[in-house]
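Taking it in order: structure first as structure tokens, then the write-up.
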Amino acid sequence: AALLVNVSNRKHEAQNPYFRVVELTDETVDPAVWGKNFPLQYDGYRRTVDQVRTRYGGSEAVPRTPTAADPRSIVAQSRLEEDPRLKTIWEGYAFATDFREERGHAFMLEDQTFTERQHVAKQPGTCLHCHASVYVAYRKAGGGDLIAGFEKLNPLPYAEARKHVEHPIACIDCHDPKTMQLRVTRPGFLEGIRAAKAAQGIANYDVNRDATHQELRSFVCGQCHVEYYFKGPEKRLTYPWAEGLTVDSIYAYYTKAGHADWTHPRTGTRLLKAQHPEFEMWNQGIHARSGVACADCHMPYMRVGAAKISDHHVRSPLLNINRACQTCHKFGEDELRARVHVNQDRTFTLRGRAMDAVVALIEDLAAAKTAGRPDADLAAARELHRQAQFYLDFIEAENSMGFHAPGEAARILAVSIDLARQGQLALRGAAPAASAPAAPAALAPAAAPAAFAVSLSTPSAPAAPAGSPPAAGSGARP
Amino acid sequence: AALLVNVSNRKHEAQNPYFRVVELTDETVDPAVWGKNFPLQYDGYRRTVDQVRTRYGGSEAVPRTPTAADPRSIVAQSRLEEDPRLKTIWEGYAFATDFREERGHAFMLEDQTFTERQHVAKQPGTCLHCHASVYVAYRKAGGGDLIAGFEKLNPLPYAEARKHVEHPIACIDCHDPKTMQLRVTRPGFLEGIRAAKAAQGIANYDVNRDATHQELRSFVCGQCHVEYYFKGPEKRLTYPWAEGLTVDSIYAYYTKAGHADWTHPRTGTRLLKAQHPEFEMWNQGIHARSGVACADCHMPYMRVGAAKISDHHVRSPLLNINRACQTCHKFGEDELRARVHVNQDRTFTLRGRAMDAVVALIEDLAAAKTAGRPDADLAAARELHRQAQFYLDFIEAENSMGFHAPGEAARILAVSIDLARQGQLALRGAAPAASAPAAPAALAPAAAPAAFAVSLSTPSAPAAPAGSPPAAGSGARP
Amino acid sequence: MVHTGMSGRSGRIRILVVTGVMGAVIIGAAIGLGLYTFVYARGASYLGNDPAACANCHVMREHYAAWRKSSHHAVAVCNDCHAPPGGLAKYWVKAVNGYHHSYAFTTGDFVEPIRITPRNRAVTEAQCRRCHGDIVSTMGHAGDVACLRCHGSVGHRVRE
Ligand SMILES: [Ca+2]
Ligand SMILES: [Ca+2]
């Protein structure tokens, strides 16, 4: 009987889990207003101010004395102080002056506004795309047209553009105010995913029209947690996916585009900086391949009374293992944490090796340059420096310390190490090794099904690896 | 009527899957006799003569014209012809003359007896430990004492010892004839696992007394699918596990022991050859950690009528995905095969890179030697050659092309690449990098629970990684 | 224990439905293996709700054993998840499955591990929502959220 009563009570609650007390329109930016209709989600959303550290993630609240230029009294720990090798690797670029562990969504706007990187370099309005609730601002600036507004704000000086926004990411950036359906509001992703799909032979893909619900549970995150660059004088935010999403295709894209983020002062190498490619790396992992979305782990369902809601306190799943992992993995919390650490510790060790190799190459190149050796002598080594640094940075910048795709992370670091050491050898006159291509053609197709893997029912077998043993090429073979 | 009989048979079978028609004693070597009691298992056992190739495993039946010295009319494909770099890497060692893809258990004795390696080198009786049913032979030779017989046959010339055995692996090597319980009969493993457990602080471990049933489902395979060497003039078969089972601890063990398998004629480096460390690598993988045994995948349960038996046709699980994998993974066969290939293709590509690096170092060393540079100049490079070659070989010799532990395989190859390239640099006067230790101390403890992970109920958290970020050391942190 | 099946319907209709569909089942099964075997293998178990009946077939025993250890053993029997709620539909599904399973079992013509068919997967998904409709009503846009993606083992976890 108890259960019965219990259930019927809940029935009541559940019939209307929330009351629409306010009308939400496509202009309602303020999350507090949305919160009136959805208090549970709003509560979680607000908790992203919490700062708790995990072995490699979360963040640490570091007190500082506010200044006029930077009123923040608390920031996250500095990654540059944690590992000074980063200063050598990024020398001459804004990141070498200030780079911190990232923290919760609540801080995104102030952290961007006040980072030292704003002072050592003139940043464009483009930056706001991923640090503020720009959806309404874009549409206003574009006279109703999202893309037009995007193009208008991008080239403005940051301070100018900053005036157009007031909130960090808000409900409206991921939800349709009428239906609460998930949706993509970011031009960068709309265009990036279209290019990526085109590379797979799918013409003019419209994510809000063509994506499945389960895909959107990751795509809303892919709006920002991706590698990017500013294209041309218009500073158009661009996701380098036209060749595909693997580090190899992204590097190929940049090579074609002839793009460089900065030139290393001591080595003279035109370098690329990778940023937070969580979406790209997740995409190469077993979880994406199994249809597991970002939200499954970072916004797991939680029960509140008779309702089951998505935990809007977006954070490290290691702070919420029970809900984030244990529905699918029936192991204890400590064991699951240990499994993550095994993958992360391994990535961390290889990352250290790769940094040593890249730093060694930098010193060798610098010495050669000071010694006045002609550019022709340095060309080969610089080419290798450029790629080794990007591959290292791709994993260094990815925020799961390898967890999202452990095997792929290790492969990328192994390639980085090889190229950096070959660079040192090139300076010593060794012929560049006729080694395997950096991009194992084999992997692209094999990994492709994962690309936006959501349907477990229709998995596709990989093509035979270009590099596989002569007699073993046939995909037909078991 | 047929139908009815059919059904009633099944109900019957269920209770009583076999009849004991013959009495089996601890002297009954011939599997055909055991087969009278257990025809289903015997049938599977006999099917290990099948030769079917997978992308990286199985084996291909290659016809040859029998000779007096080697009467085999069919062998497996040559790995040396598939990749000639192996000849350079193993130059001066027996493996450079004949090394083939391994095939089913039925061939183990003839393949060992007739391999070219028997002619280019004088092999000891020790070899038989893993290629014949030696259990009864050892006890006979030792006057009832297994170890005494083992010590007696080891030092004999192979041809001499060979006369003591007639069967390849047989039922009695894994089963107690009275109870059919699994048991370990191999001195090499009995002593090896005791040393490994001692390293973990567990004194005089007796595998047949202390191992769980689920552990034995892997240990019976670990009797042979392991790295080994012949210790001292007594040619005692030894598994190098006294420091632990990771490649790092095994390399540390060999360094202490000052052991070398051969000296590379052109480089003068004292080298180590790794052989089939399936047990050690499996042990570092997520499956071992999840309590999944060799037999779960290589001898999955199969239903014959109403009886559920273990498939004694030991082979590549990719030839039996449905039974081997789908009990635990609810994905289609093609998808599961694709997942294996993603890991294997990645390992294969890195293996190629590591081979290029090691071969390049060999050529550099050889050139320096011919140029008459003093040994002092070459010492550092040789040290690096020795380790890079062993790490490469560890994955090259492991027969799952990385599947048993994909992340670990990639790490080991990355270290190999780094060391080989550093060797080349050392020859060019570069100071050896003060790089991270080859053995990330962090991993050992983290991986330890996996060591003989069978109890999921009592997982242990890893120690903090020695190399992890300063502020992140505390194991207490989530 | 949660009751499903005919609850809420009047006994008279019930008997009609049952007898009517009984025929369907028996005929279905009969086609599959002949009346005698149907009885021998207790194919009639398809008509009841007793989980033990499902376990009459040894190939179902692992699931039965696992179900008894599951979070649902006290609240849902096999048919609560594997057959649509009462009415003709229930007996129809049972007739079809009964035919299929009996045939497969008797001929031994099926692959193990047994995998749920897409059709029965849909039945099960619907049953989850039947009991948990309330609690998941807030979840995204129910219908396109597959419960089994995360909760596939609530009924019985056969391995691990
Ligand atoms: Ca963080
Ligand atoms: Ca083989």
Side-chain angles (χ1 to χ4, degrees), chain A residues 53-56 60 77 82 286 289 318-319 331-332 334-335 337-339 341-343 345-346 348-350 352-353 356-357 360 406-408 410-411 413-415 417-418 421-422 424-425 428 430 433 435-436 440 442-443 446-447 449 456 459-462 465 467-472 477-478, chain B residues 53-56 60 77 82 286 289 318-319 331-332 334-335 337-339 341-343 345-346 348-350 352-353 356-357 360 406-408 410-411 413-415 417-418 421-422 424-425 428 430 433 435-436 440 442-443 446-447 449 456 459-462 465 467-472 477-478:
Chain A
R53 179 157 186 173
T54 63
R55 184 177 287 179
Y56 296 104
E60 197 166 316
Q77 75 271 26
E82 261 174 19
I286 196 78
R289 193 165 186 123
L318 294 189
L319 299 172
F331 300 105
D334 290 349
E335 171 60 11
R337 183 177 296 105
R339 288 175 181 214
H341 286 164
V342 166
N343 284 328
D345 292 346
R346 190 178 280 134
F348 182 77
T349 322
L350 290 180
R353 270 188 183 275
D356 288 337
E408 177 70 350
R411 175 188 76 88
L413 289 170
V415 172
I417 292 166
D418 195 14
R421 296 300 185 192
Q422 283 184 40
Q424 292 184 272
L425 287 164
R428 293 167 173 77
S435 109
L443 298 188
L456 302 182
S460 52
S468 70
R477 280 217 195 65
Chain B
R53 181 160 184 171
T54 63
R55 184 178 286 180
Y56 296 104
E60 197 166 316
Q77 75 271 24
E82 263 175 17
I286 196 80
R289 190 162 191 128
L318 294 188
L319 299 172
F331 301 103
D334 290 349
E335 170 59 11
R337 183 178 298 105
R339 289 176 179 212
H341 285 163
V342 166
N343 285 328
D345 292 346
R346 190 178 279 132
F348 182 77
T349 322
L350 289 181
R353 271 190 182 272
D356 287 338
E408 176 70 350
R411 176 187 77 87
L413 289 170
V415 171
I417 291 167
D418 195 13
R421 296 301 183 189
Q422 285 184 39
Q424 291 183 273
L425 287 163
R428 292 169 174 76
S435 108
L443 298 189
L456 302 181
S460 51
S468 70
R477 279 216 195 66

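Note that this is a predicted model, so its numbers are computed, not measured. Letters A, B, ... mirror the listed sequences (proteins, then strands); counts begin at 1.
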Value for CG (D345(B)) from CZ (R411(A)), rounded to nearest 0.5 Å, stands at 11.0 Å
field: Stepwise side-chain contact (heavy atoms from CB on, under 4.5 Å) test for L425(B) and R421(A)
entry: CA-CA 8 Å; L425(B) 287 163; R421(A) 296 300 185 192; 4.1 Å; yes
side-chain contact (heavy atoms from CB on, under 4.5 Å) assessment of R353(B) paired with V415(A)
CA-CA 8 Å; R353(B) 271 190 182 272; V415(A) 172; 3.7 Å; yes
Exercise. Using a 4.5 Å cut-off on heavy atoms from C-beta on, say whether the side chain of R289(B) contacts that of E335(A).
Key: yes
Applying a strict 4.5 Å limit to non-hydrogen atoms, the region of L413(B) in contact with chain A is neither
